[in-house]
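Here is how names work: the chains are called A, B, and so on, in the same order as the sequence lines, proteins then strands, and each is numbered from 1. Values below: all heavy atoms of this structure, side chains included; hydrogens, waters and symmetry mates excluded.
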Amino acid sequence: MYHRFDAVIVGAGGAGLMAAAQLAGRCNVAVISKLYPVRSHTGAAQGGIAAALGNVEEDHWIWHMFDTVKGGDYLVDQDAAEVLAREAIDAIIELEHWGFPFNRTPDGRIDQRRFGGHTRNFGEGPVRRACYAADRTGHMILQTLYQTALKRQVTFFDEYMMLDLLLTDDGVCTGVVAMDIETGEIHVFHAKAVLLATGGFGRVYKVTSNALAATGDGVAIAFRRGIPLEDMEFYQFHPTGIYKMGILLSEACRGEGGILRNGLGERFMERYAPTLLDLAPRDMVSRAIYQEIRAGRGVDGKDFVWLDLTHLPAEVIETKLPDITDFVRTYLGLDPVKDLIPIQPTAHYAMGGIPTDVDGRVTVDAQNTSIPGLYAAGECACVSVHGANRLGTNSLVDLVVFGRRAGRHMLQFVRENDFHPLPKEPDYRARAEVAWILENEGNERVAQIRAELQEAMMTDAGVFRTGDGLKRLQQKLGELRNRYTQICIDDKSRTFNMELVEALELGFLLDCAEAISASALAREESRGAHYREDFPARDDVNWLKHTLITRTSGGLQLSYKPVVITRFQPKERVY
Amino acid sequence: MLVTVRVQRFNPETDSKPYYQEYTVEVEPTDRVLDALNYIKWYHDGTLTFRRSCAHGVCGSDAMRINGRNRLACKVLIKDLGPKITVEPLLGFRIIRDLVVDMEPFFAQYRAVMPYLINDEPPPVRERLQSPEERELYDDTTKCILCACCTSACPIFWTTEWLGPAAIVNAHRFLFDSRDRATEERLAILNQKFGVWRCRTIFNCTEACPRGIQVTNAIEQVKRRILFEQS
């Protein structure tokens with residue numbers, strides 16, 4: 001089936017919906033989403049969204065910008081970080097006007113709490129910058145944006161999965177191809193402008209806070225169409241996932257005063273970050289946890305440590321962290337008011353992704369040449385405001401600030417441009433891929449390959465990496481890629497075929513894993529979340545640059561682009 | 001531990017009516033029902049079909065009947081159910097396949113109550129003010145994840161057309177928000193034949209809510225609001 005819209009947005013999380021809200025009523029816009037919009041993973045974000053409102057103590061956008069740059073270990077493009085920190089303030093106010101139910105101060109203004117890496121006066125100490133709604137801030141952003149999109153009568157295609165991105169030979173984006181999951185029918189969406197807002201790919205790792213649907217679809221499809229991926233080696237592990245399950249326990253736990261303890265009961269962050277302690281950036285805390293475990297100071301010699309909230313007033317835990325309290329009770333049978341909580345780092349967020357400029361335009365090289373009509377925003381994109389390590393709350397800021405900017409720029413683009421003709425047989429690749437998966441007669445199970453992929457990525461591309469480990473990983477990925485050609489699925493029907501969906505998603509995960517491992521092997525330094533045990537120091541002389549990895553007919557190709565530095569020269573990163 | 005999972009199956013391409021199929025699988029007592037379903041799908045029978053995403057009770061995808069009660073499969077542990085588990089699709093909706101039901105009528109009910117903030121006054125430069133006490137009035141109903149556990153647990157919904165608990169919860173969320181200005185329009189919708197008066201305070205919705213929302217209480221507050229605004 002053929003559809004025609006001025007603008008098509010793929011993904012109905014925070015970035016996609018924020019863009020849709022800009023376009024709705026002003027041009028003909030459709031949102032395609034693999035899930036019902038309210039199921040998107042933005043809804044799992046908990047603790048807060050940062051903006052230097054200064055509602056409870058002095059704060060300035062430039063402090064937020066500085067923290068973002070330093071938190072990202074100076075790999076952040078500072079022009080983009082400035083946009084992020086400045087426009088966060090206005091975006092939060094806009095969300096409030098749209099009905100976001102923020103927690104309030106006694107005088108009725110938006111309340112703010114502490115979060116990791118957010119400081120006053122360029123690192124002097126923690127600052128209250130994170131606006132929040134209890135510990136369901138992401139849920140409320142998703143709800144508020146979906147509600148706004150409904151109010152503005154956006155057209156939704158729910159449970160449609162993107163299969164292909166349409167680019168002409170001369171590099172113009174003309175639309176996308178998607179599958180209606182309920183019927184298996186293939187749809188072609190002809191558009192003047194397309195926004196990829198498809199989210200992250202945490203499911204490439206074994207222990208992750210990410211939803212089962214977070215399989216890097218948009219990132220992988222862009223990669224397959226020859227678009228480079230930026231900084232894929234930088235993958236964030238959140239320090240406090242529920243042991244073995246990976247379920248996120250927000251940094252707000254520590255923002256409200258929670259502390260981490262090793263098996264001996266010591267507040268071990270004193271050794272690693274004497275000023276910010278438990279509120280140091282996530283890469284440092286995750287490494288510290290593993291260092292404690294390696295030194296034999298995990299709990300009972302095992303690979304976890306404690307999150308301790310027991311000294312907090314029960315009322316704070318119940319009212320400011322109600323969802324987390326519920327998770328701990330449901331999944332661990334423990335009561336955070338009285339019990340220590342077993343935690344381990346959990347794969348959480350991709351700093352890298354599809355390269356864009358500050359207006360969301362997808363760029364393909366070191367000169368930032370853009371593809372007319374193609375945009376990306378949110379976790380699937382790399383602006384880059386997170387650099388080598390994202391600060392807590394900045395993902396939600398990224399969504400609203402750059403989702404909004406992308407939407408606004410798209411509106412201007414669709415007003416100034418006509419439809420470009422579609423390529424001949426625009427859906428042939430998508431149809432061929434679906435037919436191949438349905439008909440292939442191999443002896444490999446999708447789940448088995450995926451489990452081995454997740455295990456290998458966890459071992460060799462996790463918090464600690466080595467050259468040898470990454471080479472071993474690449475070999476394993478090659479083996480898995482071969483075995484993927486031998487898959488066979490049980491389900492041959494067209495109706496809501498989730499086994500077909502999972503097989504397609506595994507293909508996307510393999511693409512993401514290959515990009516991560518090759519980018520990580522090449523980067524012979526340690527910076528932010530990318531820690532090479534064989535190159536433990538940051539190396540600004542050789543590596544203060546963004547990785548671009550491109551899939552070519554001759555294999556994966558690496559190139560680099562400079563980091564934009566405006567206000568803050570790189571310095572040693574201590575907290 | 002070894003558990004037997006009895007699942008209601010239906011594929012419209014091959015089946016004229018639903019039937020039950022049993023799977024016996026080895027799981028940990030602390031596993032979720034969703035883990036058992038995933039295990040079956042991944043290693044035994046790829047045709048078993050259900051929705052799922054976040055796997056920790058915040059996205060609302062995997063609402064289904066588990067041993068007769070509406071639950072999220074990712075928020076129920078095996079050890080709380082024992083070795084025999086029956087899993088069926090939510091009642092009152094068209095079955096698309098196995099445990100997947102057509103949610104469109106449910107979202108149509110949601111859209112019918114105008115689930116968005118309406119306030120045409122020019123906004124201030126900064127945030128609109130709202131006291132913590134005003135904010136508290138609708139806190140509970142902001143937790144809704146639109147999973148449909150409540151609506152499809154309602155006996156009235158099984159037999160009669162009406163808005164259902166989830167839509168009213170979302171109407172409540174705006175009716176009790178001091179920033180909203182569409183009270184009259186919303187109450188007019190809720191005061192119709194298909195509105196709040198179909199509720200018989202059975203409390204199934206409150207029991208079913210995986211987010212612990214006091215659903216029946218919210219419906220009663222809306223009923224009272226209609227009465228007070230009219231008098």
Side-chain angles (χ1 to χ4, degrees), chain A residues 35-36 38-41 43-44 53 92-93 96-99 101-111 133-134 136 138-140 143-144 147-148 150-151 158 182 211-213 245 247-248 323 326-327 330-333 445-448 450-451 489-491 493-499 502, chain B residues 11-14 30 32 38 41-43 45-47 49-61 75 77 96-98 100 102-104 107 110-111 114-119 123-132 134-135 138-139 142-146 173-174 177 179-180 211-212:
Chain A
L35 306 168
Y36 278 102
V38 291
R39 317 284 184 230
S40 303
H41 200 57
L53 301 181
I92 296 282
I93 298 300
E96 197 284 328
H97 292 165
W98 291 352
F102 285 106
N103 276 45
R104 300 287 173 156
T105 61
D107 61 354
R109 292 179 301 154
I110 296 170
D111 196 13
R136 54 177 184 280
H139 166 74
M140 294 321 329
Q143 294 267 325
T144 303
Q147 289 155 358
T148 304
L150 288 179
K151 187 178 180 182
D158 297 333
E182 183 181 337
L212 286 144
M245 299 184 89
I247 295 170
L248 181 67
D323 278 9
D326 180 37
F327 298 152
T330 302
Y331 298 111
L332 297 169
R445 279 199 87 85
V446 167
Q448 183 60 38
R450 188 177 53 214
I489 64 172
D490 302 333
D491 195 344
S493 70
R494 306 295 297 183
T495 310
F496 222 94
N497 189 336
M498 286 301 290
E499 200 185 15
E502 289 192 19
Chain B
N11 181 347
E13 294 174 32
T14 51
T30 50
R32 299 157 276 201
N38 273 332
K41 181 174 186 67
W42 293 344
Y43 297 104
D45 181 357
T47 67
T49 302
F50 47 92
R51 292 190 179 100
R52 79 291 176 278
S53 191
C54 79
H56 65 288
V58 298
C59 83
S61 296
K75 275 201 90 175
L77 304 189
I96 293 174
R97 188 172 170 191
D98 292 349
V100 176
D102 181 8
M103 299 288 284
E104 179 45 34
F107 282 102
Y110 171 69
R111 292 192 299 267
M114 303 192 291
Y116 33 78
L117 190 88
I118 299 175
N119 183 334
V125 177
R126 294 285 290 204
E127 65 263 51
R128 291 194 174 97
L129 298 182
Q130 180 169 63
S131 72
E134 288 169 327
R135 165 71 177 70
Y138 67 99
D139 182 71
T142 64
K143 294 175 188 162
C144 177
I145 56 174
L146 296 163
R173 179 250 172 275
F174 291 102
D177 185 332
R179 298 169 295 176
D180 192 79
R211 302 280 293 152

For B:Leu146, is it the side chain, the backbone, both or neither that has a heavy atom under 4.5 Å from a heavy atom of chain A?
-> both
Leading residue by heavy atom contact count with chain A [cutoff under 4.5 Å; candidates B:Ile145, B:Thr30, B:Asp177] | B:Ile145
In terms of side-chain geometry, is the basic nitrogen of B:Glu13 or B:Arg97 positioned less than 4.0 Å from the acidic oxygen of its partner?
-> no
Close side-chain approach of B:Arg128 to B:Pro123, heavy-atom, < 4.5 Å | yes
How about B:His56 and A:Phe327: are their ring centres within less than 6.0 Å of each other?
-> yes
Hey, which of B:Thr47, B:Leu77, B:Asp98 has the most heavy atom pairs under 4.5 Å with chain A?
-> B:Thr47
Could you check which of A:Thr330, A:Val446, A:Leu332 has the highest count of heavy-atom pairs closer than 4.5 Å to chain B?
-> A:Thr330
Answer yes or no: is there an ion pair linking A:Arg104 with B:Glu127, defined by an N-O contact shorter than 4.0 Å?
-> no
Under-4.0 Å salt bridge between B:Lys41 and A:Asp491 | no
Against chain B, label A:Thr105 side chain, backbone, both or neither, depending on which of its atoms sit under 4.5 Å from a heavy atom there.
-> backbone
When rounded to the nearest 0.5 Å, the distance separating CG of A:Asp107 from CD of B:Gln130 is 13.0 Å
Comparing A:Met498, A:Arg109, A:Arg450, A:Lys151 against chain B, the one with the most heavy-atom pairs below 4.5 Å turns out to be A:Lys151
What residue, out of A:Asn497, A:Ile489, A:Asp323, has the most heavy-atom pairs lying under 4.5 Å from chain B?
-> A:Asp323
Using non-hydrogen atoms only, which part of A:Pro101 is less than 4.5 Å away from chain B: side chain, backbone, both, or neither?
-> both
In terms of heavy-atom pairs under 4.5 Å with chain A, the winner among B:Gly212, B:Gly57, B:Ala55, B:Gly60 is B:Gly60
Part of A:His97 within contact of chain B (heavy atom distance under 4.5 Å) = both
Spacing of B:Ile96 atom CD1 and B:Asn11 atom CG [to the nearest 0.5 Å] = 12.0 Å
Between the CZ atom in A:Phe102 and the CD1 atom in A:Ile92, the distance rounded to the nearest 0.5 Å is 4.5 Å
Residue part contacting chain A, namely of B:Asn38, when any heavy atom lies under 4.5 Å = side chain
Are any of the side-chain nitrogens in B:Glu104 or B:Arg111 under 4.0 Å away from the carboxylate oxygens of its partner?
-> yes
Relative to chain A, which segment of B:Pro12 carries a heavy atom at a distance below 4.5 Å: side chain, backbone, both, or neither?
-> side chain
Just checking, is any N or O donor in the side chain of A:Gln147 or A:Trp98 under 3.5 Å from an acceptor N or O on the other one?
-> no
Contacting moiety of B:Arg135, where chain A heavy atoms sit under 4.5 Å = side chain
Check whether B:Ser53 gets within reach of chain A through its side chain, its backbone, both or neither, counting any heavy atom under 4.5 Å.
-> both
Residue part contacting chain B, namely of A:Gln448, when any heavy atom lies under 4.5 Å = both
B:Lys143 vs A:Gln143, side chain to side chain contact (heavy atoms under 4.5 Å, CB included): CA-CA, chis, key distance, verdict | CA-CA 10 Å; B:Lys143 294 175 188 162; A:Gln143 294 267 325; over 6 Å; no
Chain A shares the most heavy-atom pairs under 4.5 Å, among B:Val58, B:Thr142, B:Thr49, with B:Thr142
Of the backbone (N, CA, C, O) and the side chain (C-beta and beyond), which part of B:Arg126 lies under 4.5 Å from a heavy atom of chain A, both, or neither?
-> both
Without swapping roles, check the side chain of B:Asp180 against the backbone of B:Leu117 for a donor-acceptor pair under 3.5 Å.
-> no
Could you look at A:Leu248 and say if it's the side chain, the backbone, both or neither that has a heavy atom under 4.5 Å from chain B?
-> neither
Side chain / backbone / both / neither for B:Phe50 at chain A, heavy atoms under 4.5 Å = backbone
Identify which of B:Met114, B:Arg51, B:Arg32 forms the greatest number of heavy-atom pairs closer than 4.5 Å to chain A.
-> B:Arg51
